[in-house]
Protein chains: 2
Amino acid sequence: MMNIGKAAAASGVSAKMIRYYESIGLLPAARRTDSGYRFYTDEDVHVLRFIRRARDLGFAVADIGGLLALWRDQGRASADVKRIALGHVAALERKLAELQGMVDTLRTLAAHCHGDARPDCPILTDLDAGGGR
Amino acid sequence: MMNIGKAAAASGVSAKMIRYYESIGLLPAARRTDSGYRFYTDEDVHVLRFIRRARDLGFAVADIGGLLALWRDQGRASADVKRIALGHVAALERKLAELQGMVDTLRTLAAHCHGDARPDCPILTDLDAGGGR
DNA sequence: GTAAACCTTGCCAACGCTGGAAGGTCAACC
DNA sequence: GGTTGACCTTCCAGCGTTGGCAAGGTTTAC
């Protein structure tokens, strides 16, 4: 039994976020003391850590709802978990490829920019012309 | 001389976005017809395309303000442009590394998940335990 | 008894857009 | 002239995740 500050410190999820997760329905409403303070058990902290770890791995909060349901479901099929994880990997890789393309383009442009006091610069010229595509 | 719909089609920036960029001060207030319609010139479309290209390269809207100022400044030093571009590359690469780390972790976990009807799954176990770090 | 550290709720800000509602304007057609 | 439909206008509200601040109640420690 601990209040939200302790649960936050123990889980690595800020008190603000715990309340937020509760407000959007990712977490069930916490039990309250007579004076209205939320209180949490070690089990709750366990769930919070699960959420934190999933966030660190880039899962959207909505996805985490699904993961939590599977986590709690002792009869789950690991295929379901794997499918979610690989779907997320695919999404991450799309984003990776996109960022990588930006980096490549910018590096190429920057490599051809004198980077001195002269005004001409292929970076601006490219932006100007729309990349020539 | 064209109204916002034409300018949007010609630049690849939606009418909604053009108004938004104006509202946040990235673009100067457009001239208006007597009836209040915004109107744009080919030169304006040129600027819009510049913005679009910069967004495609992942520049934040705030950064684009700086780039636009340099673009318009005929006496700019290319070093200033290059610095902004490389700073942006560095930020992109930090994000890339972060995403790559997530992908690597998830791929490793997924590779050890049977992905069948059995419930045990190292993905959940990892989330459970906080990654063991 | 009082001060400090906690808790509560609620609202605002950020990012970059997207959608909708309610209304005015313009062009084309009958 | 009238009507329809496609355009334009403004404002409002939301997405997702987090931080910050305010005003007030509670608990803890001295």
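Every chain is numbered from 1 and lettered A, B, ... according to where its sequence line falls, protein lines coming before strand lines.
- Shown here are the side-chain contact (heavy atoms from CB on, under 4.5 Å) partners of A/S23, two or more places apart in sequence or in another chain: A/Y20.
- In this structure, CG on A/D56 lies 12.0 Å from CD1 on A/I51, to the nearest 0.5 angstrom.
- Spacing between atom CZ of A/F39 and atom C1' of D/dT26 amounts to 16 Å, rounded to whole angstrom units.
- Partners of B/T41 according to the side-chain hydrogen bond (donor to acceptor under 3.5 Å, both in side chains) rule, which considers only residues two or more places apart in sequence or in another chain, are B/D44.
- Counting non-hydrogen atoms under 4.0 angstrom, A/A60 reaches the backbone sugars and phosphates but no base.
- Remark: the backbone N or O of A/G58 is paired with a side-chain donor or acceptor of A/H88 at under 3.5 angstrom.
- Distance CG/A/L57 to CD1/B/I123: 10.0 Å, rounded to 0.5 Å.
- Rounding to the nearest 0.5 Å places CG of B/D126 at 7.5 Å from OG1 of B/T105.
- Remark: A/T33 engages A/S35 in a side-chain hydrogen bond (donor to acceptor under 3.5 Å, both in side chains) (not counting sequence neighbours).
- Overall bending of the helix from C/dG1-D/dC30 to C/dA14-D/dT17, expressed as the angle between end axes built from five pairs apiece, is 20° (10° steps).
- Here B/H46 pairs with B/W71 under the ring pair (Phe, Tyr, Trp, His ring centres under 6.0 Å) rule; sequence neighbours left out.
- For B/D80, the salt bridge (Lys or Arg N to Asp or Glu O under 4.0 Å) test picks out B/R83, with sequence neighbours left out.
- With rounding to whole Å, A/R52 atom CZ is found 15 Å from D/dT17 atom P.
- Between A/A30 and A/F39, the shortest heavy-atom contact is CB-O, 4.3 Å.
- Atom name P, nucleotides D/dG14 and C/dC11: the rounded distance is 12 Å, in whole Å.
- The distance between atom OH of B/Y40 and atom C1' of D/dC7, rounded to the nearest whole Å, is 14 Å.
- Within residues 8-16 of chain A, the residues having any heavy atom under 4.0 Å from DNA chain C are, by residue number, A/K16.
- Applying the ring pair (Phe, Tyr, Trp, His ring centres under 6.0 Å) test to A/Y21 and every residue at least two apart in sequence or in another chain returns nothing.
- A donor-acceptor pair under 3.5 Å is formed between the side chain of A/S78 and the backbone N or O of B/G115.
- Taking the 5' to 3' direction, DNA chain C first and last meets chain A under 4.0 angstrom from a heavy atom at C/dC6 to C/dG10.
- Residues from residues 19-37 of chain B that place a heavy atom under 4.0 Å from any atom of DNA chain C, listed by number: B/Y20, B/Y21, B/S35, B/Y37.
- A search for ring pair (Phe, Tyr, Trp, His ring centres under 6.0 Å) contacts involving B/H112 returns nothing, not counting sequence neighbours.
- Remark: B/L48 CG to B/I18 CD1 distance equals 4.5 Å, nearest 0.5 Å.
- Axis angle across the helix from C/dG16-D/dC15 to C/dC30-D/dG1, with five pairs used at each end and values rounded to 10°: 20°.
- Atom-to-atom distance recorded for A/R72:CZ and A/L70:CG is 10.5 Å, nearest 0.5 angstrom.
- Under the 3.5 Å distance criterion, the side-chain polar atoms of A/R52 are matched with a main-chain donor or acceptor of A/G12.
- To the nearest angstrom, C1' of D/dT17 lies 11 Å from CD1 of A/I64.
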